[in-house]
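Here is how names work: the chains are called A, B, and so on, in the same order as the sequence lines, proteins then strands, and each is numbered from 1. Only heavy atoms go into these numbers, but all of them, side chains included; no hydrogens, no water, no symmetry mates.
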Protein chains: 2
Amino acid sequence: MVTIADVAAAAGVSISTVSYVMSGKRTISQDTRERVESAIAKLEYSPHASARSLASRSTNVIGLQAPLRAGVDVHVIMEIVAGVVKEARDNHYDILLLTSDDADGLVNAARGSRVDALMVMDIESEDPRIATLRELSTPTVLIGLPSGAGDLICVDFDFEAAGRLAAERLAALGHTRVALFGAPAEVLERHTSYAVRLNRGFLAACEELGITGSVHACPSSADAVDAVDAVLDEDAAITGILFHNEAALPHVAAHVRNDATKRDVIALSPLQLVHGVAGLVDTIEVPATEIGAAAARAILGALEGETTERVRLLQPRFSGASAV
Amino acid sequence: MVTIADVAAAAGVSISTVSYVMSGKRTISQDTRERVESAIAKLEYSPHASARSLASRSTNVIGLQAPLRAGVDVHVIMEIVAGVVKEARDNHYDILLLTSDDADGLVNAARGSRVDALMVMDIESEDPRIATLRELSTPTVLIGLPSGAGDLICVDFDFEAAGRLAAERLAALGHTRVALFGAPAEVLERHTSYAVRLNRGFLAACEELGITGSVHACPSSADAVDAVDAVLDEDAAITGILFHNEAALPHVAAHVRNDATKRDVIALSPLQLVHGVAGLVDTIEVPATEIGAAAARAILGALEGETTERVRLLQPRFSGASAV
DNA sequence: GTGAAAGCGCTAACAC
DNA sequence: GTGTTAGCGCTTTCAC
């Protein structure tokens, strides 16, 4: 293993000089800098991460608690994580995947100085982790928007606005009886933040618009077809649909295409997943990668001591992607 | 921040005693142990991870390079990662998500002592990372089976055997013209390990069985329907199908169900994803979680100095899940 | 513009 | 069964 002492010896300088060349916290003569840098390159030196964080009291690692729970759409999760990872990498931060779903995992990572900051996904409206996080002093960003977040930073897509937007569009298309098919039952039962907000926005807008709206859980499998049919059979007056379940969409879309009745379906989904899906009036994009990137930027900003907005919600818009 | 010295003072012992209580590497009197443990609990002490790894020369972190590349099925990836994470957590290891797709990311993590071991996914048959990994001296496990792995540990599902198994089943069902619809074109073009092996097993078995087999790329979107139709239109004699594209399956299955022609379709997929999908003769399970867990066990074993088998391939079998 | 040296919080000899 | 202490490889004062 090559250490800073090896580099210093090879360059004929002291170890502190090597350190300062790397950090740029001191002015170094052109000559010295070049000798040190070529020694680093020649020896393939890479500083020992633990030694560095012990001395500098910072790890350049962000702890990420990503959901491996039932019901959440893995594709969306992965896109968000990809956004986080890319933004973190570009700023020389690594991501530590926390291997526990509860508050303990977060506390341990923070207490053991494993991470500089925490990022928590799959937030519920009344999330039990929040109380713990608030008294942790470790900078934290939630991807979601729970109640009682205190001054924890929150970043997410504005699902409430998306619900309103969809309702308005359906109303404008002339529908007076509309339905939202959304997350599977287990996600709703947990009061997952995004589902709660989507429902709220959709129903509130329906009421304001004077149309009848309803929300329904939707399984994330082929069973979705039967679930949707059951609802539509019972209330055939439903002609406008907002569909927010990425995994179920392919099943249902293929079904709808073969359906005689003429209904308007709006999808709420990352664009990539609706590609080629037939029978949609339009799509509201869930900008998953951008959510992750925004969350990462927020936490990096906080680590730099920036005081930014505490809540950042990405605004919805129609993509115009009305397939086939 | 509470340190080991605080605990030692509170318990009235030396810091080494505290350390030994935690590691169990020394016999401690019942009395002392209790005093130390209650001091730890009372102070909510958690050892500084970097200090520990600097002194112990091990991080208890496994670096994971997971693919964020085009074409790979995120659902399968996530399940594998979940398997890795669970197994790692149960053995007190954390997972560092490497934020770069290339060999450099691996080298940096290893050189900087950020990780004790590396796990690499999305392996290509002739993977450019392998040469680098082989001379790295950091224990490494590949999820895949490339050529020239040297003594790098390889863990994966036996896709070649799965291809054979499916061909045999289709032949037994009386089909003489069979097709494999598999990964999207970009995955095949990279010569991704699993796709190459699946194709090889399928075609080899067909030849041995004296039936005609062909393999076809399949887009992972709704476009899959058209792609499949194009092939079947051109060669209507194809009556047996092996389908290995989780994202496309819902689209195609719904389509097949409405298809007049009677074809037998075998799916190769995690069981969860075929739930409720109609029209399948049978399913060969891709045990994604188990792949991840096996990979984790392999790397943990290697870190303990165990000498296990260098290649471990999980064997395929039919699940009997012939839906609807 | 550069060096020397005191820690950072822990582990693991080495003592008794 | 327990304590003392020399590092682990860095960052960052302090000194010149």
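- With sequence neighbours left out, A:I15 forms a side chain to side chain contact (heavy atoms under 4.5 Å, CB included) with A:I4, A:A5, A:A8.
- Considering only residues two or more places apart in sequence or on other chains, B:S46 meets the side-chain hydrogen bond (donor to acceptor under 3.5 Å, both in side chains) condition with none of them.
- Residue contacts shown for B:G112 are absent, as no nucleic acid heavy atom lies under 4.0 Å away.
- The side chain to side chain contact (heavy atoms under 4.5 Å, CB included) search around B:P139 returns B:A117, B:I299, B:L303, not counting sequence neighbours.
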- Message: Counting primed atoms plus P, OP1 and OP2 as sugar-phosphate and everything else as base, spell out the protein contacts along nucleotides 9-16 of chain C at 4.0 Å heavy-atom distance: B, S or - for each nucleotide, 5' to 3'.
- Response: BBBBBB--

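- Residues meeting the side chain to side chain contact (heavy atoms under 4.5 Å, CB included) test with A:A293, sequence neighbours left out: A:E87, A:E290, A:R297.
- Protein chain A touches strand DNA chain D; the 5'-most and 3'-most nucleotides with an atom under 4.0 angstrom of its non-hydrogen atoms are D:dG9 to D:dC14.
- With sequence neighbours excluded, the residues satisfying side-chain hydrogen bond (donor to acceptor under 3.5 Å, both in side chains) with B:Q30 are B:E34.
- No donor-acceptor distance shorter than 3.5 angstrom exists from the side chain of A:D94 to the backbone of A:V61, with no hydrogens or angles considered.
- Computed from C1' positions of five pairs at each end, the angle between the two local axes of the helix from C:dG1-D:dC16 to C:dC16-D:dG1 equals 40°, rounded to 10 degrees.
- OP1 or OP2 of C:dG3 lies within a sub-4.0 Å distance of a side-chain N or O belonging to A:T17.
- By the salt bridge (charged side-chain N to carboxylate O under 4.0 Å, His left out) test, A:D122 is found to be paired with A:R69, A:R190, residues two or more places apart in sequence or in another chain being considered.
- For A:Q272, there are no side-chain hydrogen bond (donor to acceptor under 3.5 Å, both in side chains) partners, not counting sequence neighbours.
- Among residues two or more places apart in sequence or in another chain, the side chain to side chain contact (heavy atoms under 4.5 Å, CB included) test is passed with A:S16 by A:S14, A:Y20, A:R26.
- Remark: A:D156 engages A:R197 in a side-chain hydrogen bond (donor to acceptor under 3.5 Å, both in side chains) (not counting sequence neighbours).
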